[in-house]
Amino acid sequence: APLGEAPAPEVMGAREAVAEGAQRAADVKTSGPEIAVEEVATPRQRPPLHGLPLRRQLMTFEFAFSILFLCTQLFRSNVYLGTNKELLRDLGDASTGYAYTQIFAASLPASAIIFPVINMCLERRGFADTFMLTVGLGVVWNAVALVRNLPFQLLGFAVFTNFRAFLYCAHFVFLTHTFGSRTSGRIQGTISLLAACVNFLIWPCTMVVDGLENRFTYLYGFLMLVSIPPGVMVLLLRRRLSKTPLADCRRV
């Protein structure tokens with residue numbers, strides 16, 4: 001525009017647009033780092049026991065639950081593994097050439113086919129229902145062992161192998177998810193040491209009933225009673241998980 005004359009309206013509009021664009025760019029540049037810092041500073045949610053010192057983790061209910069559940073269920077499982085051949089022989093397996101004993105041994109690794117079912121159970125139902133299902137499977141094979149019928153033991157074989165698969169899978173997933181990868185190995189080592197000590201009670205238990213007329217009835221009746229404390233602990237675990245859903249593995 002000539003000197004002394006007011007700028008044309010078009011020029012004024014262009015200048016205002018440029019100024020407004022520069023102000024927006026400055027606002028974005030100023031607010032950008034703040035937004036980035038806010039996103040980085042937001043911690044990722046994780047189970048409450050992750051990151052705690054090992055000593056504090058060993059003083060929790062979750063550690064006590066892991067010890068009691070695995071020690072009692074391993075004790076019951078190993079008693080059944082150690083006495084199953086004698087049980088089947090008392091039921092007349094010798095007359096079949098120990099066919100049932102061979103079937104039992106062959107059925108132990110067959111539980112690998114249900115790993116997808118275990119994974120689905122953990123994802124959809126969570127720890128409490130999976131552990132309770134494990135307790136239920138343990139009660140079933142225990143009850144079958146109390147029945148004095150040789151062919152009926154085939155049902156016990158099928159349930160027992162799935163019981164062991166659920167037991168180990170649920171236990172190790174629970175350890176890793178609850179305590180974290182930093183300490184779960186040392187926690188499992190501590191539990192295994194205690195479980196090994198409990199297994200030394202197998203020989204005295206079998207010696208107590210040895211010589212009795214219905215020795216396996218007394219022995220497996222005792223194992224049935226041993227399954228009660230784990231069931232009670234699962235109910236307590238369910239209550240705790242309902243208060244802290246983040247500690248469960250179930251997908252919401």
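This one's a predicted model, so the numbers in the text were calculated from it and none came from an experiment. Side-chain atoms are counted along with the backbone in the values below, which use heavy atoms only and exclude waters and symmetry mates.
The shortest heavy-atom contact between Pro109 and Ala106 is CD-O, 3.3 Å. When all heavy atoms of Pro116 and Ile113 are compared, the pair lying nearest together is CD-O, 3.6 Å. When all heavy atoms of Gln188 and Leu70 are compared, the closest pair comes out as NE2-CD2, 4.1 Å. Of all heavy-atom pairs between Ala110 and Thr161, the closest is N-OG1, 4.3 Å. A pairwise comparison of heavy atoms in Leu49 and Gln57 identifies O-NE2, 2.8 Å as the closest pair. Residue Ala128 comes nearest to Val234 through the heavy atom pair O-CG1, 3.4 Å, listed as atom of the first residue, atom of the second, then distance.
Here the OG atom belonging to Ser66 is positioned 5.0 Å from the CG atom belonging to Leu175, to the nearest 0.5 angstrom. Summarising the geometry, atom OH belonging to Tyr80 is positioned 14.5 Å from atom CD1 belonging to Ile202; distances are rounded to the nearest 0.5 Å. For the atom pair CZ of Phe166 and CG of Leu133, the computed distance is 5.0 Å after rounding to the nearest 0.5 Å. Rounding to the nearest 0.5 Å places CG of Asn199 at 8.0 Å from SG of Cys71. The OG1 atom of Thr130 lies 9.0 Å from the CD1 atom of Ile118; values are rounded to the nearest 0.5 Å. How far OG of Ser184 is from NE2 of His50: 8.5 Å, rounded to the nearest 0.5 Å.
No side-chain donor-acceptor contact under 3.5 Å links Gln73 and His171.
At a threshold of 4.5 Å between non-hydrogen side-chain atoms, the residues Leu236 and Phe61 count as touching. Looking only at side-chain heavy atoms (C-beta outward), Val79 and Cys205 stay at 4.5 Å or farther from each other. Phe104 has its side chain within reach of Leu81: a pair of non-hydrogen atoms, C-beta onward, lies under 4.5 Å apart. Looking only at side-chain heavy atoms (C-beta outward), Leu54 and Ile187 come within less than 4.5 Å of each other. Contact annotation: the side chain of Cys249 approaches that of Leu122 to within less than 4.5 Å [non-hydrogen atoms, C-beta and beyond]. Side-chain atoms of Leu108 and Phe160, non-hydrogen and from C-beta on, do get closer than 4.5 Å to each other. Between Arg56 and Pro53, the closest side-chain pair of non-hydrogen atoms falls below 4.5 Å. The side-chain heavy atoms of Leu91 and Tyr100, taken from C-beta on, include no pair separated by under 4.5 Å.
For the pair Thr72 (side chain) and Phe69 (backbone), a donor-acceptor distance under 3.5 Å is present. Asp210 places no side-chain N or O within 3.5 Å of a backbone atom of Thr206 that could act as its donor or acceptor partner.
No path of Ile, Leu, Val, Met, Phe, Trp and Tyr side chains, each step under 4.5 Å between heavy atoms, connects Leu237 with Leu246, placing them in separate hydrophobic clusters. The cluster map of Ile, Leu, Val, Met, Phe, Trp and Tyr, joined by side-chain heavy atoms under 4.5 Å apart, puts Leu88 and Tyr218 in the same cluster. Residues Ile228 and Met233 do not share a hydrophobic cluster, defined by chaining ILVMFWY side chains whose heavy atoms lie under 4.5 Å apart. Residues Met120 and Val173 do not share a hydrophobic cluster, clusters being chains of Ile/Leu/Val/Met/Phe/Trp/Tyr side chains in contact below 4.5 Å. The cluster map of Ile, Leu, Val, Met, Phe, Trp and Tyr, joined by side-chain heavy atoms under 4.5 Å apart, puts Val232 and Leu74 in different clusters.
When the shell of 6.0 Å around CZ of Phe172 is examined, it contains more than 12 heavy atoms from other residues, nucleotides or ligands. Atom CZ of Arg125 is surrounded by 12 or fewer heavy atoms from other residues, nucleotides or ligands within 6.0 Å.
Each side-chain hydrogen bond (donor to acceptor under 3.5 Å, both in side chains) pair with one or both residues in residues 228-245, not counting sequence neighbours, appears once here: Glu62-Arg240, Asp129-Arg238. Residue pairs meeting the ring pair (Phe, Tyr, Trp, His ring centres under 6.0 Å) criterion with at least one member in residues 106-126, sequence neighbours excluded, do not occur. Applying the salt bridge (charged side-chain N to carboxylate O under 4.0 Å, His left out) definition to pairs two or more places apart or across chains, none involves residues 162-191. Applying the salt bridge (charged side-chain N to carboxylate O under 4.0 Å, His left out) definition to pairs two or more places apart or across chains, none involves residues 194-204. Within the structure, ring pair (Phe, Tyr, Trp, His ring centres under 6.0 Å) contacts touching residues 173-213 (residues at least two apart or in different chains) are Phe65-Phe174, Phe127-Phe174, Phe127-His177, Phe131-Phe174.
Ionic pairing of Asp93 and Lys85 is not present here: no N-O contact between side-chain nitrogen and carboxylate oxygen is shorter than 4.0 angstrom.
Here the options are Ile191, Thr190, Leu58, the test is side chain to side chain contact (heavy atoms under 4.5 Å, CB included), and the partner is Ile67; only Ile191 passes.
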Donor-acceptor pairs are to be reported for all side-chain atoms of residues 136-158 against protein atoms at under 3.5 Å, with residues two or more places apart or in another chain.
residue	atom	partner	partner atom	Å
Asn142	OD1	Arg76	NH2	2.9
Asn142	OD1	Met224	N	3.1
Asn142	ND2	Tyr220	O	2.9
Asn149	OD1	Phe152	N	2.9
Gln153	NE2	Val144	O	3.1
Gln153	NE2	Val147	O	3.0
Gln153	NE2	Asn149	O	3.1

